[in-house]
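Report on the following structure.
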There are 2 protein chains.
Amino acid sequence: MIRNSNIDNFLYDFEHSCQKVQKKTFAKGETITSYIEKRNQFCILLSGNADLVRYDLNGNKTIVEHFSKNNIFGEVFYIVTTNNELLVEAKENCEVLFFIYDDINKKCQKNCKFHQTLTQYLPELILSKVIDLNMRIELLTKRSIRDKLLSYFSILSTRKLSTSFELPYSLTDLADYLSIDRSAMMRELKLLKEDGFVTKTGNRITLNYK
Amino acid sequence: MIRNSNIDNFLYDFEHSCQKVQKKTFAKGETITSYIEKRNQFCILLSGNADLVRYDLNGNKTIVEHFSKNNIFGEVFYIVTTNNELLVEAKENCEVLFFIYDDINKKCQKNCKFHQTLTQYLPELILSKVIDLNMRIELLTKRSIRDKLLSYFSILSTRKLSTSFELPYSLTDLADYLSIDRSAMMRELKLLKEDGFVTKTGNRITLNYK
DNA sequence: CATTTTTAGTTGCAAAAGCAACAAATTTCT
DNA sequence: AGAAATTTGTTGCTTTTGCAACTAAAAATG
């Protein structure tokens, strides 16, 4: 079972032998790609981190997905509707591999090492994406802000094997990620502290369950 | 590109040659499986349809996911937390294939046709799952009941290539799927009708956009 | 290192959504 | 066909959440 194994730099040091793949670098704040229908674009984030954001007609921003090292993304995973624009924005400097999904299974002319490695790891990469998406849905289907926060904290706690952990986002981004109003989230967080469920020092959260 | 192609009965008529695979039948209402950690169970729904449901500590039910023909599911796609039970329930009579995810890539002793077919189609199956999950997240991140309904209708409309379509769920289930209160949803639906955005006859919806 | 920008933290008020409790209509079951 | 169960449709009331508008603190930037 390869789940949760450390795939680390498996793609990072590939030999640029493959003509079908492009590697690009982006500075913080730049737009890495926008999702355009039927392009079948597939991307791998080699370093840095980025957000898939949606801007609706009212200008509201939603963080649809967050990507970190070795996460995959691209329009190939989406049915793009005309209603709103989906953009991937670099949160810090990023290196990204781009290619067209159709090309993955087609054997590369040179039968390059990169292609071999990619097809070998692809199921694992997609599986971990599915797990992430399911986790997100788990959170989003919680009916109250309190439940969303507690579930999210519980997941982080399980991951770190500790009741104490750092928040990976700013509180502003966390509200976007949970798809709730920031001030309402702050209010609920305050209540959670007052009720003794959590302790917060800086961006470190400690769960106090009995 | 195999996306959106008709994979149809590719697994249905396999020759039962593979010992690692079990095929089981379920009657409407039966529990197909429950998600138990580290079992690495992977399932394919051959016929019928089923829901992944969560019952929380208050007894509230949430439809986490809905499965129809050729959809894949199983605990392998989940990080199972102890907080709540995840069950797959047959909504009508179902046929399901079960196996352990680890076995997929291991070559079957007999190198059976089933295994070959499965590995061939697996990326397509997982990809369509990712597309479904992303669509769901798109809906769940919408901030109001009105936006959720309109987005959902818009997706169905795009799929059917028509402004008129049947709802695949009962309204009760739709509310669970969108993770909103049913009576609040009914109220909003009424307003949408009154405002002339949609027309509803039976469970057929027609969008009236200008 | 001073200044701009972003993030955190608060609060009153308004709007939206949830809850509960029905009746009516449909569907399912025997 | 008749009874039972489920789904639809509705409403008054309550609670939660969102919105707007701030100040304070922290971080980024030239």
Side-chain angles (χ1 to χ4, degrees), chain A residues 27-30 48 51 53 56 58-63 66 89-93 139-150 166-195 198-205, chain B residues 27-30 51 53 56 58-63 89-93 139-152 166-195 198-205:
Chain A
K28 175 177 177 173
E30 282 188 297
D51 286 337
V53 299
D56 67 20
N58 308 323
N60 290 325
K61 174 183 170 179
T62 303
I63 297 182
H66 177 77
E89 295 177 348
K91 298 282 282 179
E92 47 186 75
N93 294 351
L139 297 176
L140 292 173
T141 53
K142 290 292 159 70
R143 301 301 177 96
S144 64
I145 291 182
R146 173 167 289 219
D147 278 354
K148 282 178 180 161
L149 284 173
L150 286 177
E166 303 272 325
L167 288 177
Y169 302 127
S170 71
L171 294 175
T172 304
D173 283 354
L174 180 58
D176 282 342
Y177 180 78
L178 297 177
S179 203
I180 52 185
D181 179 70
R182 188 187 62 84
S183 68
M185 188 189 80
M186 297 298 288
R187 182 165 39 208
E188 196 58 47
L189 198 51
K190 196 178 164 190
L191 291 174
L192 281 172
K193 285 187 279 188
E194 283 171 14
D195 293 352
V198 304
T199 312
K200 182 169 176 296
T201 336
N203 70 344
R204 171 163 290 273
I205 299 278
Chain B
K28 175 178 177 172
E30 281 188 296
D51 287 336
V53 299
D56 66 20
N58 308 324
N60 291 325
K61 174 184 171 180
T62 303
I63 297 182
E89 294 177 347
K91 298 282 283 180
E92 47 186 74
N93 293 352
L139 296 176
L140 292 173
T141 52
K142 290 291 158 70
R143 301 301 178 96
S144 64
I145 290 182
R146 173 166 289 221
D147 279 353
K148 283 179 179 159
L149 284 173
L150 287 177
S151 300
Y152 183 65
E166 302 273 324
L167 289 177
Y169 302 126
S170 71
L171 294 174
T172 305
D173 283 354
L174 180 57
D176 282 343
Y177 179 78
L178 297 178
S179 203
I180 52 184
D181 179 70
R182 188 188 62 84
S183 68
M185 187 188 83
M186 297 298 288
R187 182 165 38 209
E188 197 57 47
L189 199 50
K190 195 178 166 190
L191 291 175
L192 281 172
K193 284 188 280 187
E194 283 171 15
D195 293 352
V198 304
T199 312
K200 182 170 175 294
T201 336
N203 72 341
R204 171 163 288 274
I205 299 279

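Convention: sequence-line order gives letters A, B, ...; per-chain numbering from 1. Just the heavy atoms: all of them, side chains too, but no hydrogens, waters or symmetry mates, feed the values below.
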Worksheet item: Rounded to the nearest Å, what distance is computed from the CD1 atom of residue B:Ile205 to the P atom of nucleotide D:dT8?
Response: 11 Å
Worksheet item: Of all the nucleotides listed (C:dT7, C:dA21, D:dT7), which has the minimum atom distance to the side chain of A:Thr172?
Response: C:dT7
Fill in: Spacing between A:Leu189 atom CG and C:dT10 atom P, to the nearest angstrom
9 Å
Worksheet entry | Length of the CG-C1' vector between B:Leu171 and C:dA25, whole Å | 13 Å
Practice prompt. Provide, to the nearest angstrom, the distance between the NZ atom belonging to B:Lys193 and the P atom belonging to D:dT8.
Written response: 11 Å
Worksheet item: Whole Å only: how far is the CG atom of B:Leu191 from the P atom of C:dA15?
Response: 15 Å
Fill in: Selection from C:dG12, C:dT10, D:dG12 that lies nearest to any side-chain heavy atom of B:Arg187
D:dG12
Worksheet entry | Under 3.5 Å donor-acceptor pair, A:Arg182 side-chain atoms to C:dG9 base atoms | yes
Item to complete: Let me know the distance between CG of A:Asp176 and C1' of C:dT6, rounded to the nearest Å.
Response: 13 Å
Discussion item. Over 60° means perpendicular and under 30° means parallel, so tell me whether B:Tyr169 and B:Tyr177 are parallel, tilted or perpendicular.
Written reply: tilted
Discussion item. For a quick test of reading the model: is some side-chain N or O of B:Lys28 closer than 4.0 Å to OP1 or OP2 of C:dT28?
Written reply: no
Worksheet item: Counting side-chain heavy atoms from C-beta on, which of D:dT10, D:dG18, C:dT11 comes nearest to A:Ser183?
Response: C:dT11
Practice prompt. Measure distances between side-chain N and O atoms of A:Ser170 and base N and O atoms of C:dA8, and say whether any donor-acceptor pair falls under 3.5 Å.
Written response: no
Fill in: B:Glu92 CD - C:dC29 P separation (whole Å)
12 Å
Discussion item. Using 0.5 Å steps for rounding, measure from the CG atom of B:Asp51 to the OG1 atom of B:Thr62.
Written reply: 11.5 Å
Worksheet item: Looking across every strand, which nucleic acid part, if any, lies under 4.0 Å from A:Lys148 by heavy atom: base, sugar-phosphate, or nothing?
Response: nothing
Item to complete: Can you figure out which of D:dT17, C:dG18, C:dT10 approaches the side chain of A:Lys190 most closely?
Response: C:dT10
Worksheet item: Starting at CG of B:Asn203 and ending at P of D:dG9, how long is that distance when rounded to a whole Å?
Response: 10 Å
Worksheet item: About how many Å separate NZ of B:Lys200 and CG of B:Asn203, when rounded to the nearest 0.5 Å?
Response: 7.0 Å
Worksheet item: Which atom names give the shortest non-hydrogen contact between B:Ser179 and A:Leu140, and what distance separates them?
Response: OG-O, 4.3 Å
Discussion item. Judged by each residue's nearest nucleotide on DNA chain D, which is more toward the 5′ side, B:Lys200 or A:Glu188?
Written reply: B:Lys200
Worksheet entry | Pair B:Glu166 + B:Arg204: basic N to acidic O under 4.0 Å | yes
